[in-house]
Structures are given as structure tokens and as C-alpha cells.
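Numbering starts at 1 and runs along the sequence shown. Quick caveat: nothing in here was measured; it's all calculated off a predicted structure. Read the numbers this way: they start at 1 and go in the same order the structure lists the ligands and their atoms.
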Amino acid sequence: MKFDKLVGIIGWPVSHSLSPAMHNRAFLSLGLEGWCYVAMPVASEPISRVKDAVFGLRALQYRGANVTVPHKETVVPYMDRLSKTARAIGAVNTIVIDQQGQLVGHNTDALGFTNDLHDHQIDVKNMHVLVLGAGGSAKAVVYGLLSQGCKNISVENRTKSKARDLVQPFRHQFKDAKLNIDVSIDDKKQAHLVVNTTSLGMSDTREQMPWDQNLVFKSEQIVYDLIYNPPTTTFLAFAKKNKAKAINGLGMLVHQGALSFTLWTGQNAPIAAMKSAAEEALLQRDFF
Ligand code: NAP
């Protein structure tokens, strides 16, 4: 078979990524000929590697690529244009290479997250949401929440200055929203939705959680963990034990991928097929 419509993912590491399984299943399921999605490991050092990789996509006539940790912010200056969302978040997770060879940077993480909330019938408009973490994914989550009309968000991060830097630009953009970084015990007890965007709970921190175990959840609280490997983190297990609603990040992964798929192909993504492929690929992975 001739593959002449190439897309893929650049990041480090990418060998564990579920995206190749998800996108190649989507191409197959819609009978899109010539499309293929590949994993492309790109090291951070020297920094010129990332630039070479991005410009290499154009030279190799790729249709686009996903960008994952740790390059989402690094690739921004190499884009010819940015979508409004990518500019607001300051990070790109999807590159589209248009017919003129221009590199267009998008960010589908924010809408991927809120589309998954929508799937779970969660309307954040009148909610107080507590976001744990202030890294790249936290920016997308906060922007997604604000875009959906959420007006009360608290951000807690180990490094407080990063939480301050995260909320500052959004304070100008979303003037009627309350963005708090001095998170109290009451904020934690009263938050309707708690979102973990830290990497605590993955790989060598699998036994840990970003939450004090003396602080019990109420059954009406919702706990969302962006981590999907392991599918039930220590944090989600704790939430479940407290009878709170617990959701992992697989739905967000599928939705951000579905949005990228549409940007590249112009077709509606076969979301159910992509979700099955991601779940199957996850079963074949070791927890890392
Ligand atoms: P990142 O930019 O590196 O940010 C990591 C965050 O975790 C920072 O806030 C960091 O705090 C915090 N952190 C790390 N180790 C910690 C520790 N030992 N104790 C307390 N806080 C700690 O990473 P990211 O891109 O935001 O990704 C974060 C997680 O989200 C990853 O697990 C990633 O797989 C997941 N994710 C999932 C999806 C999805 O589609 N489901 C999408 C994107 C990301 P400091 O600022 O203090 O260092």
C-alpha cells in the first residue's frame, strides 16, 4: 500500500504513545487511503533538534503532526501561524501543514478536555473548579474551563510562582472570572470539580497522589485525573473509595486526537473506534 499522507507525533519519549494506534484505526475505519500515523522520537538536546524536526516535517511533505511532552511550547516560534487557542495557551499540540507549506499551530487539549466533560454531562458554568498543577496541560485545562464559562477556578501548584504565571494572562482575558492561587482547605472541601494535571501518580510516583489523604471527598464532588496510565491512579482510587465520581484522562486523549484528526483530514473523527483502539493499546502497555 502507498502511504502518501503522513502524520505523526513528535515528543520524548513517544514509544508509549497511544496516538499511533488511535489514528491508524481511525484511518482504517473511515477507509481513508494513503494515511499513516507514526511515532517520531525527538530529543530536547540540542534544542536545534526540535526545530530541525518541525521543519523536516515540511521537507518530508507531512500533512501535520501532534506534539507532546516536552516540546509543546518549544515549537511555538517555528509556526507560521497560530490558532487563537494555541496563542492563548502558548502551546501547540497539533501542527497542520497547509497546501502552501505553511506550519499552522493548534491546541486541541483544551477542547479535548471540555468535550470529555461534556460526555460526562458536566457543565462547569456555575462550578468552583480546583486545578492541581500549573504545567502545560494545566494551562489548556484552565483555558478550556474559562472558555466554557467557568467563573471560579483555583490553581494549586508545588511551585507557586508557576501558578501565578499561569493565571496572570487569563485574568486580563477573562475579567469576570475569579482565578485564585491561594488555595485553602475550604476551597478543597468545596470544589465541585477537582482536576489533577500534575504528573504525580505516573511511573515512579504511582503510589503517590497530589492530595492530603486526611481530606476526604464528598460523594457529590467530581475528581478528574488527566493521567490514563495507570487507568486508576492512587488519586482516583481514593476518590472512588470516598464515593466521589472519578474520571481518568483517556476520554480527553481521545477527544484531543479526534480534533487533530479533523484538522488534518477534514473528516469527522470516528470517536468510538479511536477510543477502542486506545483502550486496546493501553491493555498491551506495561504501566510505566
Ligand atoms: P508538565 O508541564 O511537566 O507539568 C507537570 C506538573 O506536575 C507541574 O505542575 C509540576 O509542578 C507537577 N509535579 C511534577 N512532579 C510533582 C511532584 N512530585 N509533586 C507535586 N507536583 C509535581 O506536564 P504536563 O504536560 O502538564 O502533563 C502533566 C500530566 O498530564 C502528565 O501526566 C500527562 O501525561 C498528563 N496529560 C494528559 C493528557 C490527556 O490527554 N489525558 C494531555 C496532556 C497531559 P512544578 O511546577 O512544581 O514542577
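Residues T262 and A269 come closest through the heavy atom pair OG1-N, 3.7 Å. The heavy-atom pair separating G257 from H23 by the smallest distance is O-CE1, 3.2 Å.
For ligand 1, residues of the protein lying within 4.0 angstrom by heavy-atom distance are V69, K72, G133, A134, G135, G136, S137, N157, R158, T159, K162, T197, T198, S199, L200, M202, L226, I227, Y228, G249, M252, L253.
For the residue pair D116 / Y224, a side-chain donor-acceptor distance below 3.5 Å is found, with atom types taken as modelled.
Ion pairing of K160 with D182 is present here, as a side-chain N (NZ or NE/NH1/NH2) and a carboxylate O approach within less than 4.0 Å.
For F27, the ring-ring contact (aromatic ring centres under 6.0 Å, His included) test picks out W35, F261, with sequence neighbours left out.
Note: F217 and W211 have parallel aromatic rings, judged against thresholds of 30 and 60 degrees for the angle between ring planes.
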